[in-house]
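Not measured: the values here are computed from a predicted model. In the text below, chain A, chain B and the rest are named by the order of the sequence lines, each starting its count at 1.
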There are 2 protein chains.
Amino acid sequence: MTLQQLQYFLAAVEHGTFSGAAAALYMAQPSLSEQIRRLESELGVALFVRAGRRLVLTEAGRALRPEAERTLAAAARAAASVAEVRELTGGTATIGTFGEAPNWLIGNVVATFRRRHPGVRVRVIGLNSSEVADEVREGRIEAGLVVLPIDDAGLDVRPVMTSELLYASADEERLRAPIAVERLAEVPLILYDARWGSDDPTRRALLERAQLAGVRLEPAIEVEELGSALDLAARGLGDTVISQVTTVRRGALPSALGLVPFAEPLYETFAFISRRDAQLSPATRELVALAEQQLATLAERSGGAVSLH
Amino acid sequence: MTLQQLQYFLAAVEHGTFSGAAAALYMAQPSLSEQIRRLESELGVALFVRAGRRLVLTEAGRALRPEAERTLAAAARAAASVAEVRELTGGTATIGTFGEAPNWLIGNVVATFRRRHPGVRVRVIGLNSSEVADEVREGRIEAGLVVLPIDDAGLDVRPVMTSELLYASADEERLRAPIAVERLAEVPLILYDARWGSDDPTRRALLERAQLAGVRLEPAIEVEELGSALDLAARGLGDTVISQVTTVRRGALPSALGLVPFAEPLYETFAFISRRDAQLSPATRELVALAEQQLATLAERSGGAVSLH
DNA sequence: CACTATCCATAGGCTCTACCTATGACGCTG
DNA sequence: CAGCGTCATAGGTAGAGCCTATGGATAGTG
């Protein structure tokens, strides 16, 4: 049984003749007749009574008719659902981001996207950078925004922005000058998940620096979210590290906190990643483009402290 | 888009590889790959990301999957609904009968049929014989039981039984001997619809006889149903005519009524009709066969007064 | 690091399908 | 009875669907 045969069958039912149905479908009558015959022989029953001048449905034909209509409708819906993805009027745009990104990046981006494409659902998956890279590699997420370095096997990596990593403290004493990495070991450190999850690139960079300096870093407090870490730091319970770009948004940084760069500056490089050789769906491509614009806006507001690639 | 392509697509989704899916479908891998490629090109999107070792659905593929499943399920239902008709586990059996038939024929037949084939719906259309013939000719009813003669153009007519037409009266005086048709004009006549509807063959036979005898028949009372006519006749309000076979069933005839044949006997011939060259659906064939058995039973009980063909 | 197994894509070839045109048979209709 | 419209049949063509054989890429393995 083929969709074509069902279509021909329905056309014949509606027109009452094979010739008329064939003409309506811009084809020759014997071609349509043949498909009907094939369908009948596969189903093992006659669908029409050939009544000389007129076609009449058999009991089997009457039973088939509504089911054939349902089947063709389902097929049309299948094609339409794919077209929606193609036409950006349906489907889902998916992007993975490292843990702290949603707060300062995603709000505007998602709002703009939904305004332009109301039919498209949006999924933002917050993980750490290496997990995002894995998910993209496995195809479960189409694209991601990560902090370099990551394992780039099988991935297209497109760096977009570099932002300096800053030291944040409520203690003015420690903000006088750029801070040496050795001093991090001497103060209570507050770190949040994305900054301390396994394989986090910034964590690795910090630990490496500390090792070279001969000290060992142990966080005094670990919390889940960047916001909580800033809150605790503002109350003087410890100090934390934060990316320059994060601080650009108005109100992101509690007023009690001050910032200072590292003596030997640390930088984070952000990059968009996607599967190598796999082109993005229009929805996700659009979402990535919007995220890129948002990054540009932030870089501009930072007055040059954050630089685009 | 074909059902086959959707089937291959789903197999590939489930197995995660084209080779595995092809093996499960007992076919070569390039054949399946080609169909997937064809489907993708028709839909204008990639459905899979070819990830070296592993296949991963794209956003479009994810959108297609549930719709493809629905479409294949609908197609399976379509085939099943036709199979039900073929296998006598679904569909509808339809038979047309002349007006008074349902009372003495259909009860048992339908009960037996439903007991044997609970899934099959039954429609018994009560019309007069010539209307039944028309409906069968037009294909709206598959088969019918009629009283001959009818216009048999385009029909297969299979006579099954002959039954004598009897005169029924509550007046013993008129039951002494076979009644001459002339006397019908002298007594109040009670006729029921099916015996007096336009084109009813028995009516025509009666009128013809009367014309030849030089009298004119006018019913004193006309009612809708045979039962009503018998009731009125039993009260002595007039006489009526009734087919021998109708009287066989216990309790069908009020005890006040007596029967007598016509001086020049009148016979009704019953016949099954169906479209010429159109084979019956199994359900209707079965229904007709049961009706035939029922007629045989009635003929037997009549003790020979009703004869089978 | 080479080796192997696995998987997809490509190429060439075969068979059957789907379609066409031309024509015949049948039934309806003026 | 002739003419028209319908479906069926016959014969031919392009392409669909499938096969086997083979090459290239990738992940696991000694």
Please classify the nucleic acid contact of Q29(B) as base, sugar-phosphate, or nothing, using heavy-atom distances under 4.0 Å.
base

Whole-Å distance, Q7(B) CD to dG17(D) P, equals 13 Å

Using a cut-off of 4.0 Å on non-hydrogen atoms, how would the nucleic acid contact of S31(A) be classed: base, sugar-phosphate, or nothing?
-> base

Side-chain atoms of P30(B) come closest, of dC20(C), dC7(C), dT20(D), to dT20(D)

N or O in side chain of R38(A) less than 4.0 angstrom from dA18(C) OP1/OP2: yes

**Message:** With a 4.0 Å cutoff (strictly under), does any side-chain N or O of Q35(B) reach OP1 or OP2 of dC19(D)?
**Reply:** no

**Q.** F18(B) and F48(B) aromatic ring geometry - parallel, tilted or perpendicular at 30°/60° bounds
**A.** perpendicular

For M1(A) and A78(B) the tightest heavy-atom approach is CE-CB, 4.4 Å

Touch class at under 4.0 angstrom, heavy-atom based, for E34(A) against every strand present: base

| OP1, OP2 of dC18(D) versus side-chain N and O of Y8(B): anything below 4.0 Å? | yes

From CG of L32(B) across to P of dA16(D) the rounded distance in Å is 17 Å

L55(B) CG to dA27(D) C1', in whole Å, measures 15 Å

Separation of dA18(C) atom P from Q4(B) atom CD, nearest Å, is 10 Å

Worksheet entry | Pair R37(A) + E34(A): basic N to acidic O under 4.0 Å | no

When rounded to whole Å, the CZ to P distance for the pair R137(A) and dA27(D) reads 10 Å

To the nearest angstrom, the CD1-C1' distance between I36(B) and dT10(C) comes to 17 Å

Open item on the list: Counting only side-chain nitrogens and oxygens, does S33(B) get under 4.0 Å of the OP1 or OP2 atom of dA9(C)?
Closed with: yes

Under 4.0 Å between any heavy atoms, over every strand shown, what does F48(A) touch: base, sugar-phosphate, or nothing? Just pick one. nothing

Q. Quick one: is dG5(D) close enough that its OP1 or OP2 comes under 4.0 Å of any side-chain N or O from T17(A)?
A. no

F18(B) CZ to dT6(C) C1', in whole Å, measures 15 Å

Here the distance between atom P of dT17(C) and atom CE of M1(A), to the nearest Å, is 18 Å

From the list I125(A), V147(A), L145(A), V146(A), side chain to side chain contact (heavy atoms under 4.5 Å, CB included) with V132(A) holds only for V146(A)

Rounded to the nearest 0.5 Å, the CG atom of L6(B) sits from the CZ atom of R65(B) at a distance of 13.0 Å

